[in-house]
Amino acid sequence: MKKLIKSVGQVITGAAASVTILAGRAMAAISDYENPAQAGAEAARAKGMPAELVGVNGVFTKITNTVLYAVGIISVVMLIYGGLRYVISGGDSKKVTDAKNTIMYAIIGLIIAILAYAIVNFVISAVGGETTV
């Protein structure tokens, strides 16, 4: 009985997969557009929404640049904060060490933000968009 149920389940799964594949091919054949996926994306795009995801004016580029700028600004602020902590430490070794660690981690964060910006622009140019630099 278990073998019969398993066999029927496999037949139903195979039939469903075949229907799905055939339906996709039929929809692609009926479509008047060269690229039905692009046509669907254009139909779903509301008025005023950007048309491209990558490139100079792309949504992905704008979001990543905004996040990277925010990380860069936070790193610079933390660098200044660590410098102020170092200046007002008063020679206390624990405060000096904490201030040096803050400065070091802020510099590491700034380097990571710059490298991430370069990597994002490299990937976008490799995908086919133009770089923002």
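The model shown is predicted, which means the values in this text are computed figures rather than measured ones.
- N65 and Y117 get closest at one heavy-atom pair: OD1-CE1, 3.2 Å.
- For the side chain to side chain contact (heavy atoms under 4.5 Å, CB included) test with I111, the passing option among I114, L115, I108 is L115; the others fail.
- Taken from CD1 in I12 to CD in Q10, the straight-line distance is 11.0 Å, to the nearest 0.5 Å.
- Remark: L84 CG to I103 CD1 distance equals 9.0 Å, nearest 0.5 Å.
- With sequence neighbours excluded, the residues that form a side-chain hydrogen bond (donor to acceptor under 3.5 Å, both in side chains) with T102 are R85.
- Residues V96 and D92 form no side-chain contact, since every pair of their non-hydrogen atoms from C-beta on lies 4.5 Å or further apart.
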Which pairs of donor and acceptor atoms, one on a side chain in residues 71-79, lie under 3.5 Å apart (sequence neighbours left out)?
| unit_1 | atom_1 | unit_2 | atom_2 | d |
| --- | --- | --- | --- | --- |
| S75 | OG | V71 | O | 3.0 |
| S75 | OG | L110 | N | 3.4 |

